[in-house]
Amino acid sequence: MSNKEVKAALKSAREAIKNKEFKEALKHCKTVLKLEKNNYNAWVFIGLAASELEQPDQSQSAYKKAVELEPDQLLAWQGLANLYEKTDQWDFKVDLPNVYQKLVELYASSDRNKCYEVIKKLSDIYLSDKEYLKLAKVWLQLIHLKEEQAVDKKELLQLWRQMTQQFSDCLNEEEQDSEVTQHLITAFEKAMVLIDPVPGEEHRKISTDYVKCLSKLPQEKAKMKEACEAMLSVYPTQSYPLEVLCSHYLKTDILNEDAVSCFSRLQDLAPNNGLGHLGLGTIALREGRYEDAIKDLGQGLKKMSCSTGWYSLAEAQFKMHRYSESATSCSQGMFSLLYISINDLTTVPDAEKDPVLVALKGRAYLNKGQIDQALKVFSTSSITLLALPLGSFLKAASQSPDCGEYHFLLGRLYWDMGEETRKDRIKPFLFCLFKAAKLDPHLGCVFRYLGHYYREVAKDCGRARGCYKKAFDLNSEDAESGAASVDISMEQDDMDTALETLQSVTVKATPGSAKWAWIRRGLYYLKVGEHQQAIADLQAALRADPEDWVCWECLGEAYLNRRSFTAALKAFGKAHQLQPSSIYSVYQAAAIKQTLGRHKEAIAEYLQITAQQDYVPALKGLGECQLSLAKSLMEDCRDGGAVDLLQQAIQNLFRAVELRPDLSCLWKLLGDACTAVSIVSPNRANILVPAPLAGFSPNTQSHMLNQAQTLKVGERCYAHALKLMSEVPSLWYDLGLNFYRQACLSGTAEGDWSSQSLLLEKAQQCLKKAIMLGSENHSYWNALGVISMNKGLENFALAQHCFIKSIQVESNNVVAWTNLGALYFKRDNIELAHEAFKIAQSLEPLYVNCWIGQALIAERVGSYDTMDLFRHTTELSTHMEGVKGYAYWVCSTLLDKSNRDSELYRYNIVQMNAISAAQVALSKYTERIQSDPDAFVMLGYLNEHLQLKRQALQAYQRYRQWEEAAQVYNSTPLQELSDLGGLALAYCRAGLIPESISAYERALAVASNEKEKAYILTALAMLQQQQGNLDSAKTLLFKCSMLKEPIPESLLCLCALGLVHRDVTLAAAALSELLKQGSASASVVEQQCLLTCTLLALQGNYSAVQREASRAVHSNPGNPSLWALLSRVVPQYYPRKANGGAVAGHVACLSSMTQGKRALLYSGVNQLASGRHSREDTKRNALKTMQRAVLLCPDDPATWAGLMAACHTENTSCYLSGSVPSRQCLEQILMSVVSEKGDIERPLAQALEGWVLQQAVTGLMLGGQLEQAEALCTQVLNVSAEHPAVMLSLRQVQCQRLLLANDDTVLPDSALEQLNNAVIMNPSNIGAWHWLAEVYRSQGLLVQAVMAYRQSLQLSSQLGLHNSQVASLLRLALLALKPCMAGVPGNDWKDLVLEATTEVLKLGTCPVALLFQALLQYETKMAARSVETRRLLERLVYVYSQDFPVTVVQVASWYLLKHLHTKDDQELLNVSTELHRLSINNTGFLEYHNQHSLILCKIFILQYVVRKSKS
């Protein structure tokens, strides 16, 4: 019974593995093992199942157990090999060759073909691991098996040939295995025996390879000679064996008769081969035939460079007394020797004891750039190289005592032996030089070394100068002596002698020579201020050596002193390029850019220097640049960036002060940086200051200081600078201004007037001190005047005296004249003030302060030019007083509605674009001055006029204090209606709704007329609705409407309440009462139209929505808001008129800039709905419109979403036309932009972000980037797991990937169930049901597809979405039409087509539905081709209108043509003419429709449906 159970379990396991149920297989195998522990098959099955379940270790154990049980069975070994092959584990890879070896043994007797395959795999492993010996044994085993099988001779030859090719790499190894080389030689020999014919091309190639192989084996010289001779005997015209033999003879220095014969044969056979010439030349040298040797060696070396060849050539030339040529050959040979391998030198025995080899090794290290290694070689050598020639020179000097050159060389040798030898008077260094000078007084190099001694050792510059001068006089080419002579002369201030020497050289110098003289003369001229001559000389020096970076720096200095900044920049840039480590050239370039005002570039280069080291000039320049940039930003009211730069400037300047606290200029700059903080808003002026500078312990971190504290730090910095330089008037001036800034800041705080007066007195005293030290500076007088007229001092006489004195010191003093005018204006002396401002304007027309003074005078006297003057001040620059004045006059003019038709209003407001200009200027004002409530109110008012509702709300809220307002109202008696209304409004804004209701009820009791009561009741109703009391709100609004004087606002609220809660009856009744009130203002007309359209849409009367908006536009054609509303409703409710909607949006853009910004978006949406892309219209298309909308409204996320849709449309049109889209990979970028710009109401923002995400996923799917789409969905789900729409998108992407993997993919029921659940989780997503229906259709589940379309139709009806209903019905009809046209029997699908198209036609005219009916009639009446078919098709062809798409007409025309052709109708010619007219722009129309008519129809219908669903 046990045996049967085992067999049954094994059978079950085999079936489970066959069905890929590997876990079940494991269970069955374990059952077998319980019954029979050593069952071979069970262990094999376990190994296979575990391998498929990715359990490699368990699989390996099972296979090895099976191998132990039955080592000669193939099955387990095969499984183990498969496991090792597919698993990337190092231990598996190590064991794999052993498994292959076992398989080879088993296959050898059973299956030779598989045996060969395993041997091939095994050989690949050995080859990759470079185990050549094992590889050889495997190959020999393979060949042996082939020989036993008696294979063809060619196959054996091929195997031996492959073996030689695979083993050729082993010859390049450092350690060659003799056994492997013998196998390789055997392989060559076997291959040469088998090859046929001989001679032949194949035999020649293998012979060449054989010779090449033997040439790399030093131990096989005899075989190499035999192989060469054998090859030459067969191929006498081949030069390669001769080349190998010649190279062998040259290397081994064997120059016998065989070598001579070989060299001669090679030269005769290949005259251009260098080896033959080198060999013959070497032999000629040995025989004493030097002329022949020089000739042959020269020709050989032209062909190939060889160190031994150069040596032989140099030796032959030396024998012929050609010393210069011999020296040249020696240098060429040394060039080759210098690059010999260091490893070769180290292998030479006793190399450290051979001075020549030591020198060569050291030179080799030097050529590789390894200087430390070279020094180590020379220092550790046991031989002192300098000691070698010492004995030779002493011997030469003793043998030739009258030779001055020998004594000089001996003295130079002593000099080169080092500093100790030079200073040691026991050594005959000076004796040798003096004796050489006495013996040969014309030997200039002797005097040069004497000059070296006197300058470096004896420190006697006079004697050194004389020696150098003597050496230079003897040899004018001795640049070293001449340069040293000039340098010493300049050090001794003997400029005339130095200049005379330099001019004597430069006069004779040719271009590109005498660099030392040119550069020194250039530096001389630079020192004396002759910059042009210095530039010329330095340029001449650079001609001699263009790579001298020091010379480039000197040239840059010359250019800089000449104020040629651009040329100086280039020179310093070249110097830095040649010497990147030179900080000076970078610093000078940065300083020049700072001078030119290119502060950002200068900062970058200063930072490059300070990153390497704390270089004080660079830190100072960096701080200055950052301070200058901060001031320029403050002029444009960009205070945030300015504060950051000031903080960085303080940090860098403090670093410089820590290094050099003795420099007054650094403390002054620190004070300037701290004082500059006074200009920005106190809320922004928080500076992170180093702890020691702030007065804290140096061990603490930096401290954040406010504006007052930072100014106090600036005061201390100026004081520190004055301690170092107390008599500098500019420092007293800066300190005075700092006290003045502190006084202005303290004056803004209430109750702090005493400290302000004290600070002003300090400022006044500092300015007086500055004037005492420098009374000729007009700025000091002017500053003292400003301080004196301040509110804390108000010494107007002194101020007037100071301003006049400043003007006397500097007549062209626009600031002093302007301040004098301000003084007169403050003292109500209008005439003198006007004259002073007038003079200032004449001195400097661009100075904004004098224009502000004139504007204030015009405002005081009531001039019409006031607004124009203030506007001019905003055009000149951003000044706080001018900005506020202009904004005030713009708002005042806007509030006065009586002058809207005047010429003054049209000029000042409309023509001058005053609202936008004032809004921009006032935005900067409020960023600088954040404590002015009037400015925020004016900014909110201007934003309202620009339709910037959110910005207006933010401006109003920036300075809201509702609780304080409520307290102030409560402090009043609260008996007036205005007080009670204000209190109620304050409570409402503060969020205290119950208190606000109570206040309005008290106000209702004191209301004096019906109109006041109506407004109060309306406000109460709005508050009740806000609290959720809908019935109470309705009651109050009904009560309001029953009053004798009802107000339109209450009816508007009642109508809006009905629309929000989908109460059609209430909304209609309120709207009808509102319309009975007659004419209304433009804003009320817009509200009425909007409410009417909303009501019609709620009633499902979509076509009436467009008609109502059009009627309002016709009644009020000058109202741009109505044009914008029309453009807005058309794509949503009547998309077939989308072209008209685009025109309406364009009209709104032209009529009003304010409405135009939003209308551009509506116009672009209409163009999207009409499918207008760039291929259809290059000028007016959705993409261009959306780009303009983004340009005008970059902060509106809706415009970016529209741009995203436009890009998607362009890509879709490219895909349909077969071209490559040019706007790919923009989805995620635009999606992130929409998320960043999402400053709108949260529900709307969520809806927009969801739509953008779906659009991005759709675009990625359309572009085939499914992985990116899936990653995007996964990323969103990681942030927000509960996101049904994203989950649906993820399922769509995953489904698409499955379907694209294989056209015949059948989705399992579980996958379809997941897709269905994902769609159900999005109950309001109609497109999801459409997509699910398409998935069902692709799987052949047509009934389920019909159910999905019916579900989408039901959902569209519930939501009242007209376009979605039409889209669902058309998709359903198209789905049913396909089986009908395919000839599926039965009437179910036909009835479904008729049902769907009939419902579509009930909703409105639809040419696609008519086409479906015509096609259905055409297919169902195939036999008779009924009259009805012709009537339906002609209705589409001849009754053509703009609402009928061209594709519909073309398809209908084609089927009409087929119908008439079948009926043999005479009208065929007329129809053909009509078809030609319709398809004139489509040359392939007939051929295309002849093959793909239904496909064309389907493509168009899908485009049409998608377009309607998207709109």
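Just so it is clear, the values below take in all heavy atoms, side chains as well, and ignore hydrogens, waters and symmetry mates. Just so you know, these numbers come straight off a predicted model, no measurement behind them.
Looking only at atom types and distance, the side chain of Thr1092 has no donor-acceptor partner in the side chain of Gln1088 under 3.5 Å away.
Here Glu1334 contributes atom CD and His1330 contributes atom NE2; the two are 9.5 Å apart, rounded to the nearest 0.5 Å. The NE2 atom of His1173 sits 14.0 Å away from atom SG of Cys1207, with the distance rounded to the nearest 0.5 Å. One distance of note links CG of Leu1071 with SG of Cys1055; it measures 4.5 Å at 0.5 Å rounding. One distance of note links SG of Cys1380 with CZ of Phe1412; it measures 11.5 Å at 0.5 Å rounding. Atom CD1 of Ile1326 and atom CD of Gln1354 lie 11.5 Å apart (nearest 0.5 Å). Expressed to the nearest 0.5 Å, how far CG of Leu1090 lies from CG of Leu1095 amounts to 11.5 Å.
The two atoms that bring Val1393 and Ala1376 nearest to each other are CG2-CB, 3.4 Å, heavy atoms only. Listed here is the closest heavy atom pair of Leu1370 and Ala1409: CD2-N, 4.1 Å. Here the closest heavy-atom approach between residue Val1129 and residue Val1105 is recorded as CB-CG1, 4.0 Å. Between Gln1365 and Ser1357 the shortest heavy-atom distance is NE2-CA, 3.7 Å. Taking every heavy atom of both residues into account, Ser1364 and Ser1356 meet most closely at CB-OG, 3.2 Å. The shortest heavy-atom contact between Ala1205 and Leu1168 is CB-CD1, 3.7 Å.
Within the 4.5 Å cutoff, no side-chain heavy atoms of Gln1167 are placed close to those of Asn1139. When side chains are defined from C-beta on, Leu1342 counts as touching Pro1379, because their heavy atoms get closer than 4.5 Å. Side-chain atoms of Leu1098 and Thr1094, non-hydrogen and from C-beta on, never get closer than 4.5 Å to each other. Residues Leu1203 and Leu1183 meet the side-chain proximity criterion, which asks for heavy atoms closer than 4.5 Å. Considering only heavy atoms from C-beta on, Asp1391 stays 4.5 Å or farther from Glu1395 through its side chain. Between Asn1181 and Thr1209, every side-chain heavy-atom pair lies at or beyond the 4.5 Å cut-off. Two residues are said to be in side-chain contact when any heavy atoms from C-beta on lie closer than 4.5 Å; His1114 and Arg1111 fail this criterion. Using a 4.5 Å heavy-atom threshold, the side chains of Met1186 and Val1165 count as touching.
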Would Ser1310 and Gln1314 satisfy side chain to side chain donor-acceptor pair (under 3.5 Å), going step by step from the backbone distance to the final call? CA-CA 6 Å; Ser1310 59; Gln1314 289 182 1; 5.7 Å; no
Between Arg1337 and Lys1378, does a side-chain contact (heavy atoms from CB on, under 4.5 Å) hold up when you go through it step by step? CA-CA 11 Å; Arg1337 184 199 59 78; Lys1378 185 175 181 181; 3.9 Å; yes
Could you go step by step and tell me if Asn1317 and Glu1313 meet the side-chain contact (heavy atoms from CB on, under 4.5 Å) rule? CA-CA 6 Å; Asn1317 293 335; Glu1313 184 65 24; 3.5 Å; yes
Given Tyr1336 and Leu1375, is the side-chain contact (heavy atoms from CB on, under 4.5 Å) satisfied, shown in steps? CA-CA 11 Å; Tyr1336 282 140; Leu1375 176 68; over 6 Å; no
Step-by-step side-chain contact (heavy atoms from CB on, under 4.5 Å) determination, Gln1413 to Leu1401: CA-CA 11 Å; Gln1413 290 184 352; Leu1401 294 174; 3.7 Å; yes
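Asn1316 contributes no side-chain N or O that, together with a main-chain N or O of Leu1312, makes up a donor-acceptor pair within less than 3.5 Å. Side-chain N or O atoms of Asn1166 include one that pairs as donor or acceptor with a backbone N or O of Tyr1162 at under 3.5 Å. Between the Ser1368 side chain and the Tyr1349 main chain, no donor and acceptor come within less than 3.5 Å of each other. Put simply, the side chain of Ser1163 gets close to the backbone of Ala1142: a donor and an acceptor are under 3.5 Å apart.
Among the candidates Val1346, Leu1377, Asn1387, Thr1397, the single residue satisfying the side chain to side chain contact (heavy atoms under 4.5 Å, CB included) test with Leu1392 is Val1346.
The environment of Lys1184 atom NZ is sparse: at most 12 non-hydrogen atoms of other residues, nucleotides or ligands sit within 6.0 angstrom.
Considering only residues two or more places apart in sequence or on other chains, Arg1128 meets the side-chain hydrogen bond (donor to acceptor under 3.5 Å, both in side chains) condition with none of them.
Listed by first and then second residue, the salt bridge (Lys or Arg N to Asp or Glu O under 4.0 Å) pairs involving residues 1088-1105 amount to none (not counting sequence neighbours).
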